[in-house]
Amino acid sequence: MQVTTDQFKRCNLVTVTGRIDSNTTPQLFKVFDSIIAENRFKIVFDMGGVEFISSAGLRVLINTQKTCKRWNRGELVLANVTQKIYQVMDLAGFISMFKFYDSVVEAVGNF
Amino acid sequence: MKISYTRIFPGRFDSLAHIAEFVIQAAECAGLDDRETYALQLAVDEACSNIIQHAYGGEDQGEIECTYHITDTGLTVMLRDYGRPFDPSAIPDPEMPTDLDTCTGGGLGLYFMRQLMDEVHFEFTPDSGNILTMTKRKETD
């Protein structure tokens with residue numbers, strides 16, 4: 001799993017390529033945690049390069065969303081989610097927990 | 001036609017990517033499509049993560065023996081470990097979350113396995129270990 005982060009004026013962008021499984025999830029959690037630790041709660045997660053995400057990875061997204069949305073201070077939004085991953089999120093009942101965007105530009109424009 | 005192959009992986013989280021490669025290759029040989037292959041990969045990943053975390057109680061406590069059987073109708077994956085057995089019937093499917101506050105994101109592993117595979121069977125024996133057998137059938141045209 002490779003992670004890159006960018007900071008924009010109104011939000012932060014996290015881009016991941018590769019697998020998000022029980023081995024790599026702690027690394028992803030740290031990335032979100034370090035952004036939140038800087039009091040930045042508006043995050044775009046570009047999942048276009050994510051080949052695979054397990055329930056452990058989905059749990060990180062749910063927990064990050066909870067932290068970001070607390071006191072209406074922000075939100076985690078998802079961009080470029082592949083159909084296979086979208087179907088698994090649907091199976092878990094997670095679709096209504098996130099906004100989905102077809103591009104990073106649209107997702108960043110949300111904030 | 002029946003092809004079988006077995007590999008043993010250390011019970012560590014960094015084995016998960018190697019186990020995925022192993023079963024993806026098998027799925028391709030079995031003629032599963034992209035969606036079926038992803039479903040298989042997810043079910044196997046959840047099963048192996050559970051073995052490491054719950055059966056062995058952590059990394060480097062034991063091995064995971066992974067066997068696949070390719071048949072004319074699809075693919076069967078068998079996972080064997082020698083960790084703690086459990087009662088799968090005692091683990092209910094998670095409730096569908098209605099809002100973020102009550103959503104825990106927990107309990108999805110076994111639920112994904114049950115939902116994504118055509119057959120899921122657990123066997124716990126003192127001598128032969130814990131054996132999980134999961135079958136994914138090819139969609140017929």
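So you know, we letter chains A, B, ... as the sequences are listed, proteins then strands, and number each from 1. What you see is a predicted model; the values in this text were computed from it and never measured.
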Which bit of [X] comes within less than 4.5 Å of chain B, counting heavy atoms only: side chain, backbone, both or neither?
X     : value
A:V88 : both
A:L58 : side chain
A:I53 : both
A:Q83 : neither

Under 4.5 Å heavy-atom distance to chain A, tell me which part of [X] shows up: side chain, backbone, both or neither.
X      : answer
B:Q41  : both
B:S15  : neither
B:L116 : side chain
B:D101 : backbone

Exercise for the section: Evaluate the side chain to side chain contact (heavy atoms under 4.5 Å, CB included) criterion for residues B:F13 and A:T25: first the C-alpha distance (whole Å), next the side-chain angles of each, then the deciding distance (0.1 Å), finally the verdict. Expected result: CA-CA 10 Å; B:F13 290 128; A:T25 288; over 6 Å; no

Practice task
Start with the C-alpha distance between A:R19 and B:D45, add both sets of side-chain angles, then the distance that settles side chain to side chain contact (heavy atoms under 4.5 Å, CB included), and finish with yes or no.
Solution key: CA-CA 11 Å; A:R19 287 171 52 84; B:D45 186 278; 2.9 Å; yes

Exercise for the section: Walk me through it: do A:F94 and B:L108 pass the test side chain to side chain contact (heavy atoms under 4.5 Å, CB included)? Expected result: CA-CA 11 Å; A:F94 289 176; B:L108 285 169; 3.7 Å; yes

Practice task
Test side chain to side chain contact (heavy atoms under 4.5 Å, CB included) on A:F52 and B:L16 and set out the steps.
Solution key: CA-CA 11 Å; A:F52 174 85; B:L16 294 172; over 6 Å; no

